[in-house]
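Here's the structure we're looking at; comments come further down.
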Protein chains: 2
Amino acid sequence: MNPILPQFESVFSIDCLIFGFDEGELKILLIERNEEPFKDLWALPGYLVGNDEGISHAAERILYELTGLRDIFMDQFYVFGEVDRHPQGRVVTVAYYALIRINGIKDLKPVTSFAKSASWYNINNLPEILAFDHRSIFDKGFEKIKQKISYEPIAFELLPEKFSLTQLQNLYEVILNKKLDKRNFRKKMLNYGILKELDEKEKGVSYRAAKLYRFDRRKYAKLFKNELTFGK
Amino acid sequence: MNPILPQFESVFSIDCLIFGFDEGELKILLIERNEEPFKDLWALPGYLVGNDEGISHAAERILYELTGLRDIFMDQFYVFGEVDRHPQGRVVTVAYYALIRINGIKDLKPVTSFAKSASWYNINNLPEILAFDHRSIFDKGFEKIKQKISYEPIAFELLPEKFSLTQLQNLYEVILNKKLDKRNFRKKMLNYGILKELDEKEKGVSYRAAKLYRFDRRKYAKLFKNELTFGK
DNA sequence: TTACTTAGTGTCAGCAATACACCCTATATT
DNA sequence: AATATAGGGTGTATTGCTGACACTAAGTAA
């Protein structure tokens, strides 16, 4: 029943937490495995690192192969290296998160043979069981994102180029898992001075259209002064 | 000149940034290599992870072998996995930082054969050249510590159990690399309510002795509410 | 007793964080 | 044309934290 796969001594892999924000929901991309072990279970997309391939290169390659996307915001956040985390040998995995803009690309075709499908899951509604230790990887990565969103402008990586303040606030609310006050949120965001107000408005809504903004990377650089809590 | 060492295909190692605070200076522990490659150069203490050994276990073991210390505050902070970072093969290294209390243990005897000595270096006065990519590892790790000290109570891991506010402030100043105002620092620290004032005073000083404090882990738990910047 | 060295303390101003509720505007419906 | 609907957009008062700033207190050593 369980076909014996080639045994390996010690290899590295990359596993990716690919976050996307769509229709007010924060989602991650999972693949349905088509191979043992954990055949038919959902897993984080990931793959082995080549023998002559740098870790960060591998991460970008694997993301590209799965999503067709390049130049994506991604960073490693933890290494999972317990001896028994892979039933067939020693696999140390470097976990990355990636933040992508889901525009039209909701349904990604799995490119790799070991997956039979890929789909987006709301982070509050993941499959009960994930393959390997992928549940812990998710937990740890989501924690990081939560922390990071409070002091780095990662939210903008998840939104379209042009977005409304309401969209931005929704994203913060979903990640932080709490309601924020609309007036305070806007005051604070606009005060940072890192948003550029555009001459455009939302389209296709059946109510008053909201102004659109763009993240101003240039101005953001200035904000780097507030890195540290202590003043004098 | 350069003896050929056994070639390996793909292994992983741990490298440790071991921070200590002593006599008002922040230091890290370096070893002087006794083996090629980079013989006679200074390097971060580290070693290969065993084939049947978990990453975190290896980190603790390696730290123990080098310092004789257990139950130390340590955490991984980054993986360095470029193909050419080790001249003799593919070595992916998981970098950890560890924070230890230097009490009497200033001079550690190297336990491993590949080191001929170990010593503490002031972080502002490291050797010009470190082995491998250890300089980048230091830079990245020190950045993390800097950030972390502003929102997690890691400073206390570096101080003795009982410490004065002046000691604590010195440590912050050294890590953040700036002078802090004494009154503001004390006000802020004491307001957090995570310090327990003791009935003891400094001893052996030739001036007015300072009150000693202890970090109150229990009360700290409460402070976890301030994790996120947004209130309502 | 004096000199020296570090410990220890309070206030004010400015700004950011929070709490809170109503009118505006674009579209869809009748 | 009038009305309903749904989300867009706005201001103020309070409170608490941050940061600037300088002198006295206490202990030791000579």
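Note that the structure is a prediction, hence the values are computed from the model and not measured. In the text below, chain A, chain B and the rest are named by the order of the sequence lines, each starting its count at 1.
One interatomic measurement links the two molecules: CZ of A:F185 to P of D:dG8, which rounds to 12 Å at whole-angstrom precision. The CG-P distance, from A:L180 to D:dG8, rounds to 15 Å in whole Å. The nearest whole Å value for the distance from the CD atom in A:E202 to the P atom in D:dG8 is 6 Å. The nearest whole Å value for the distance from the CG atom in B:N191 to the C1' atom in C:dG10 is 13 Å. The interatomic distance linking A:L195 (CG) with D:dG9 (P) rounds to 13 Å, in whole Å. In this structure, the CD atom of A:Q169 is 13 Å from the P atom of D:dG7, given to the nearest Å. Per the geometry, CG belonging to A:L198 stands 16 Å off P belonging to D:dG8, to the nearest Å. With rounding to whole Å, A:F163 atom CZ is found 20 Å from D:dG7 atom P.
Using a 4.0 Å heavy-atom distance criterion, A:T166 is classed as a sugar-phosphate-only contact.
Ion pairing between A:R214 and A:E161 holds under the 4.0 Å rule for side-chain N and carboxylate O.
Contact check, A:R186 against D:dG9: a side-chain N or O comes under 4.0 Å of OP1 or OP2.
Every residue was checked against the salt bridge (Lys or Arg N to Asp or Glu O under 4.0 Å) condition with B:R186, not counting sequence neighbours, and none meets it. Residues meeting the salt bridge (Lys or Arg N to Asp or Glu O under 4.0 Å) test with B:R183, sequence neighbours left out: none. Residues forming a side chain to side chain donor-acceptor pair (under 3.5 Å) with A:Q169 (at least two apart in sequence, or on another chain): A:E173. Considering only residues two or more places apart in sequence or on other chains, A:S164 meets the side-chain contact (heavy atoms from CB on, under 4.5 Å) condition with A:T166, A:Q167, A:E202, A:A210, A:L212. Remark: B:D40 engages B:K116 in a side-chain contact (heavy atoms from CB on, under 4.5 Å) (not counting sequence neighbours). Residues satisfying the salt bridge (Lys or Arg N to Asp or Glu O under 4.0 Å) test with A:K201, not counting sequence neighbours, are none.
No hydrogens or angles were tested; on distance alone, a donor-acceptor pair under 3.5 Å links the side chain of B:D181 to the base of D:dC21. Not a single donor-acceptor pair, N or O on each side, falls under 3.5 Å between the base of D:dG8 and the side chain of A:K211.
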Between side-chain atoms of residues 125-134 of chain B and protein atoms elsewhere (two or more places apart, or another chain), which donor-acceptor pairs fall under 3.5 Å?
unit_1	atom_1	unit_2	atom_2	d
B:D133	OD1	B:R85	NE	3.3
B:D133	OD1	B:R85	NH2	2.9
B:D133	OD2	B:R85	NE	2.8
B:H134	ND1	B:L44	N	2.9

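With the nearest nucleotide of DNA chain C identified for both A:K182 and B:A210, B:A210 has the one nearer the 5' end.
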Checklist entry - Can you give one letter per nucleotide of nucleotides 24-30 of chain D, going 5' to 3': B for a protein heavy atom under 4.0 Å from the base, S for sugar-phosphate only, - for none? => result -BBBSS-
Pairs under 3.5 Å (N/O, protein and nucleotides 12-16 of chain D):
unit_1	atom_1	unit_2	atom_2	d
D:dT12	O4	A:K187	NZ	3.0

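Between A:G20 and A:W120, the shortest heavy-atom contact is N-CZ3, 3.7 Å.
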